[in-house]
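Structure first, commentary second.
What you see is a predicted model; the values in this text were computed from it and never measured.
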Amino acid sequence: MSSTDVPANVEHLTESERDCLRLCEQAVTVSEWCADECADMGPEMGDCVRLCRDVADVASLHARALARGSDHREALAGLCATVCRDCAAECETHDHDHCRACVDVLGDCAASCEAMVK
């Protein structure tokens, strides 16, 4: 990501923080999509729906904390990595396009968040 791609409100972040922010935003989008799709597939997809919603909530909160330079961003990064890994593990057990998309994005998001934890 070049400096011209960075919104003005996050110029204070390091490149790795900006990458993490971007990945958290992608995690929110893909997990919301997956949760919505899985909700229509029946009760056997309940764990997937719940875990995807956890990702959407936690990744969104972490992205907002990162953007404002919150003192709690490191703790949230650890939590975000955990919920992303848990959700990716569940999604990996399903053979749906939305679940596969989650696995791809959430693995990258988890790795990025883990790098934020000192």
Side-chain angles (χ1 to χ4, degrees):
M1 177 181 283
S2 73
S3 60
T4 58
D5 296 328
V6 179
N9 62 340
V10 295
E11 290 176 343
H12 62 283
L13 300 178
T14 66
E15 184 175 344
S16 61
E17 288 172 328
R18 288 191 302 267
D19 287 343
C20 190
L21 177 66
R22 179 184 49 78
L23 287 165
C24 283
E25 289 171 344
Q26 288 177 3
V28 170
T29 301
V30 75
S31 62
E32 287 285 8
W33 173 48
C34 189
D36 187 59
E37 293 293 321
C38 288
D40 291 336
M41 300 178 104
E44 67 277 2
M45 297 302 288
D47 287 343
C48 193
V49 171
R50 281 186 289 283
L51 289 166
C52 282
R53 287 182 174 156
D54 286 349
V55 168
D57 290 344
V58 173
S60 175
L61 180 60
H62 184 233
R64 292 190 318 266
L66 269 172
R68 68 175 163 255
S70 170
D71 290 341
H72 302 287
R73 63 190 182 272
E74 186 176 327
L76 287 168
L79 178 59
C80 192
T82 298
V83 296
C84 283
R85 294 254 183 244
D86 289 351
C87 187
E90 173 63 25
C91 285
E92 206 163 49
T93 67
H94 307 291
D95 193 29
H96 308 290
D97 290 344
H98 46 88
C99 289
R100 291 285 163 220
C102 261
V103 171
D104 292 342
V105 171
L106 299 184
D108 291 343
C109 185
S112 182
C113 287
E114 287 166 348
M116 299 274 100
V117 180
K118 294 179 173 79

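- Cluster membership check: V105 shares its hydrophobic cluster with W33, using side-chain heavy-atom separations under 4.5 Å among Ile, Leu, Val, Met, Phe, Trp and Tyr.
- For V49 against C38, the heavy-atom pair with the smallest separation is CG2-CB, 3.6 Å.
- Considering NE2 of H94 and SG of C34, their distance stands at 8.0 Å, rounded to 0.5 Å.
- The structure places SG of C48 at 11.0 Å from CZ of R53, a figure rounded to the nearest 0.5 Å.
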Please evaluate residues D95 and R100 with respect to the criterion side chain to side chain contact (heavy atoms under 4.5 Å, CB included), reporting the C-alpha separation (whole Å), side-chain torsions for both, the decisive distance (0.1 Å), and the verdict. CA-CA 7 Å; D95 193 29; R100 291 285 163 220; 3.8 Å; yes
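- Contact check on D47 versus R50 returns a salt bridge, with a Lys/Arg side-chain nitrogen under 4.0 Å from an Asp/Glu carboxylate oxygen.
- To the nearest 0.5 Å, atoms CZ (R18) and CG (L21) are separated by 10.0 Å.
- Of the possible polar contacts, one joining the R73 side chain to the S70 backbone as a donor-acceptor pair under 3.5 Å is found.
- Note on L61: it does not cluster hydrophobically with L23, by side-chain heavy-atom contacts below 4.5 Å among ILVMFWY residues.
- Screening C87, C102, C91 for a side chain to side chain contact (heavy atoms under 4.5 Å, CB included) involving L51 leaves a single residue, C87.
- Here the CG atom belonging to D36 is positioned 11.5 Å from the CE atom belonging to M41, to the nearest 0.5 angstrom.
- For the side chain to side chain contact (heavy atoms under 4.5 Å, CB included) with C84, the lone residue among S112, C24, C113, C109 that qualifies is C109.
- Nearest heavy atom pair, residue C52 against residue A35, reads CB-CB, 3.7 Å.
- Taking CG of D19 as the reference point, atom CG of D108 lies at 10.5 Å (rounded to 0.5 Å).
- A111 and R85 get closest at one heavy-atom pair: N-NH2, 3.7 Å.
- Of all heavy-atom pairs between S31 and V55, the closest is OG-CG1, 3.6 Å.
- Not one N or O on the side chain of S60 forms a donor-acceptor pair closer than 3.5 Å with the backbone of D57.
- The NE2 atom of H72 lies 13.5 Å from the CG atom of L79; values are rounded to the nearest 0.5 Å.
- The 12-atom threshold is exceeded at CG of D40, counting heavy atoms of other residues, nucleotides or ligands nearer than 6.0 Å.
- Listed for the T29 side chain is a donor-acceptor partner under 3.5 Å among the backbone atoms of E25.
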